[in-house]
There are 2 protein chains.
Amino acid sequence: MAKELVFGHQNPDTDAIGAAIAFSYLVNQLGYDTEAVALGEPNEETKFTLDKFGFNAPRVVQTVSNEVDAVMLVDHNEFQQSVSDIADVQVSHVVDHHRIANFNTANPLFYRAEPLGCTSTVIWKLYHEYKTAIPKEIAGIMMSSIISDTLLFKSPTTTPTDEIAVKDLASLAGVDYEAYGLEMLKAGTDLSAKSEQELVDMDAKSFEMNGKNVRIAQVNTVDVADVLKRQAQFTTVINAEIAQDRYDLFVFVITDILNSNSKAIVLGSDEAKAAFEHTFNQTITDDVAAMPGVVSRKKQIVPQLTAAF
Amino acid sequence: MAKELVFGHQNPDTDAIGAAIAFSYLVNQLGYDTEAVALGEPNEETKFTLDKFGFNAPRVVQTVSNEVDAVMLVDHNEFQQSVSDIADVQVSHVVDHHRIANFNTANPLFYRAEPLGCTSTVIWKLYHEYKTAIPKEIAGIMMSSIISDTLLFKSPTTTPTDEIAVKDLASLAGVDYEAYGLEMLKAGTDLSAKSEQELVDMDAKSFEMNGKNVRIAQVNTVDVADVLKRQAQFTTVINAEIAQDRYDLFVFVITDILNSNSKAIVLGSDEAKAAFEHTFNQTITDDVAAMPGVVSRKKQIVPQLTAAF
């Protein structure tokens, strides 16, 4: 069987990398020949997780069609969030927990999505369905992915299945998931060493919404005011990206993971900003809008903006 | 939980109707409130199956947004093959075995596709995963769907899983699947009572292929020459549809289910017909091309034409 690559989205978070490692291991047990790779370097939280469970960071690839004919996507499906030459290879498998958009294939494929809190929760179900034992280290990285995506069950994306999976995986990994989870999330909130450019790009995704080109970036912190001290520099970086990539709207979401609130720097066309204000019933003052109770881009921002446009 | 409708594609075949009935029953057992409906009347083969296992034909709907906010799709995903107002409702679930194209959602969803011979085979797996007992009649209609889609395992789309599922379901239904399957397939090949318009529309699907509008219809028979006696009338009907719906290419595939061969009436633009000839390495003579060994639209026609365009 020809080798395939398995990878998550651009600007990988812990689930994009953890799900790739976990799914690659699973399908290799089932007879496929795959390698987990990544579309970028791991962030601080993911590095903490990889170190903890003894993994090296996956090899970073810029293109895939020079290596393989077919790929497996985890934690994304939208082509603009995937590898640059995704249209040149066959997508044989997808495991995901997002909406489906800007995705198409010429051939039937294995596609498994469920509206759960994390792709690694879906993969945890697949291990059970395929009666495949989960090694201790793989359990640790899948658990970390679910804790990351659900903010330790505080995100409204969390489902009972995510909690069951974390408890099962924590027991396999031999970890106290609550203590470990807080430590891991905190490792991801040390933003001081990062440049404004790095923070704006770190967890940013593009969305096509009825012809509008929307970019939504997110950082987690325990001190929103501290991050907003750098607003002027963020604005410069974001306006340069808007000019270069012609975004109609750029939303940079700063999420307080302790209190489950966000503030956002919102830049773009007047029309798009008005749509944002109307959608979230918030005024943008000096380019900043409050987003009370909002922590999930997938559930609390993307569908609402998609409907608005 | 608000009621949802479950349905297969336009011009329903046995799997489009059987999978809707089987998936609706499964999710109702899991706590959803759904009704299986159809986007058209059952064909002769499906009527034979519904009669055999004691089902009425599902209610035919033209629109769904007047009844429900959300729907579940089986055996299709491409919007142009779905209900006319599919863009006005939320798609909460999809179970399918086709390529993904012209499909998008604003929200995360349950999407389950596998490259198996039949959607009902995927649903058979779901019954097992959710540990839900399959009633005798539901087993009968799922078995019939798989036999129909795989032409009793003769289609190249057939996988070992399809065969295992049919044997399991036949045992639950208390039916000799080989004798029953031949009888059922033969019931679907009595084309004499149908008008040319009915035969051209009966199992026809539209595909968007890189901007080209392609229509592929298929009928099964045990006597291709007998069907081709009506070529002049088919051509009149097809040319009228090309003029009305602006198809670039219309392929009417007449499949010999005993010998696993097809002939096709091919009409459309010179450019599209040339692409067809090149793709299948066949000459179109008097609007007819041989398609030796071809029985599966999904596996042997759609991917090849998609690649060509």
Side-chain angles (χ1 to χ4, degrees), chain A residues 70 73 75-79 87-88 90-119 121-122 125-126 128-131 149 156-157 159 161 207-210 296-309, chain B residues 70 73 75-79 87-88 90-119 121-122 125-126 128-131 149 156-157 159 161 207-210 296-309:
Chain A
L73 308 184
D75 200 34
H76 75 296
N77 64 83
E78 305 190 36
F79 279 5
D88 300 332
Q90 182 180 353
V91 179
S92 72
H93 290 65
V94 178
V95 187
D96 195 15
H97 69 133
H98 295 90
R99 73 171 193 173
I100 298 177
N102 192 21
F103 177 80
N104 60 78
T105 65
N107 286 284
L109 73 163
F110 179 101
Y111 199 110
R112 177 68 175 261
E114 295 195 32
L116 301 173
C118 182
T119 299
T121 309
V122 183
K125 290 183 68 173
L126 289 170
H128 284 273
E129 285 164 25
Y130 288 96
K131 298 185 184 6
D149 266 18
T157 55
T159 69
T161 307
F207 299 90
E208 196 280 326
M209 297 182 181
N210 195 30
S296 166
R297 172 171 50 197
K298 178 155 55 83
K299 197 149 182 167
Q300 297 174 294
I301 304 176
V302 173
Q304 291 77 0
L305 277 179
T306 302
F309 287 121
Chain B
L73 307 185
D75 199 33
H76 75 298
N77 65 83
E78 304 190 37
F79 279 6
D88 301 331
Q90 182 180 354
V91 179
S92 72
H93 290 65
V94 178
V95 187
D96 196 14
H97 68 134
H98 294 90
R99 73 170 192 174
I100 298 179
N102 191 22
F103 177 81
N104 60 81
T105 65
N107 287 282
L109 74 162
F110 178 102
Y111 199 111
R112 177 68 175 261
E114 297 193 33
L116 301 174
C118 182
T119 299
T121 308
V122 183
K125 290 183 70 173
L126 289 170
H128 284 272
E129 285 165 25
Y130 288 95
K131 298 185 185 5
D149 266 19
T157 57
T159 70
T161 308
F207 300 88
E208 197 279 326
M209 296 180 181
N210 194 30
S296 166
R297 172 171 48 198
K298 176 155 59 78
K299 198 151 183 167
Q300 299 175 295
I301 304 176
V302 173
Q304 291 77 0
L305 278 179
T306 301
F309 287 120

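Heavy atoms only: backbone and side chains are in, while hydrogens, waters and symmetry mates are out. Order of the sequence lines sets the chain letters (A, B, ...), proteins ahead of strands, with each chain counted from 1.
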### Query
Rounded to the nearest 0.5 Å, how far apart are CD of B:Glu129 and CG of A:Leu126?
8.0 Å
### Query
How many angstroms lie between atom CG of A:Asn107 and atom NE2 of B:His98, to the nearest 0.5 angstrom?
12.0 Å
#### Entry: Among A:Asn77, A:Ile100, A:Val91, residue most engaged with chain B (heavy-atom pairs, under 4.5 Å)
A:Ile100
### Task
Quick one: which of A:Leu116, A:Asn102, A:Asn104, A:Leu109 has the most heavy-atom pairs under 4.5 Å with chain B, could you say?
A:Leu109
### Residue A:Lys299 versus chain B: region with a heavy atom under 4.5 Å
neither
### Query
So, the side chain of A:Thr105 versus the backbone of B:Arg99: is there a donor-acceptor pair under 3.5 Å, distance only?
no
### Task
To the nearest 0.5 Å, tell me how far B:His97 NE2 sits from A:Phe110 CZ.
16.0 Å
### Message
Taking side chain as everything from C-beta outward and backbone as N, CA, C, O, which of these in A:Glu114 sits under 4.5 Å from a heavy atom of chain B? Side chain, backbone, both or neither.
### Response
both
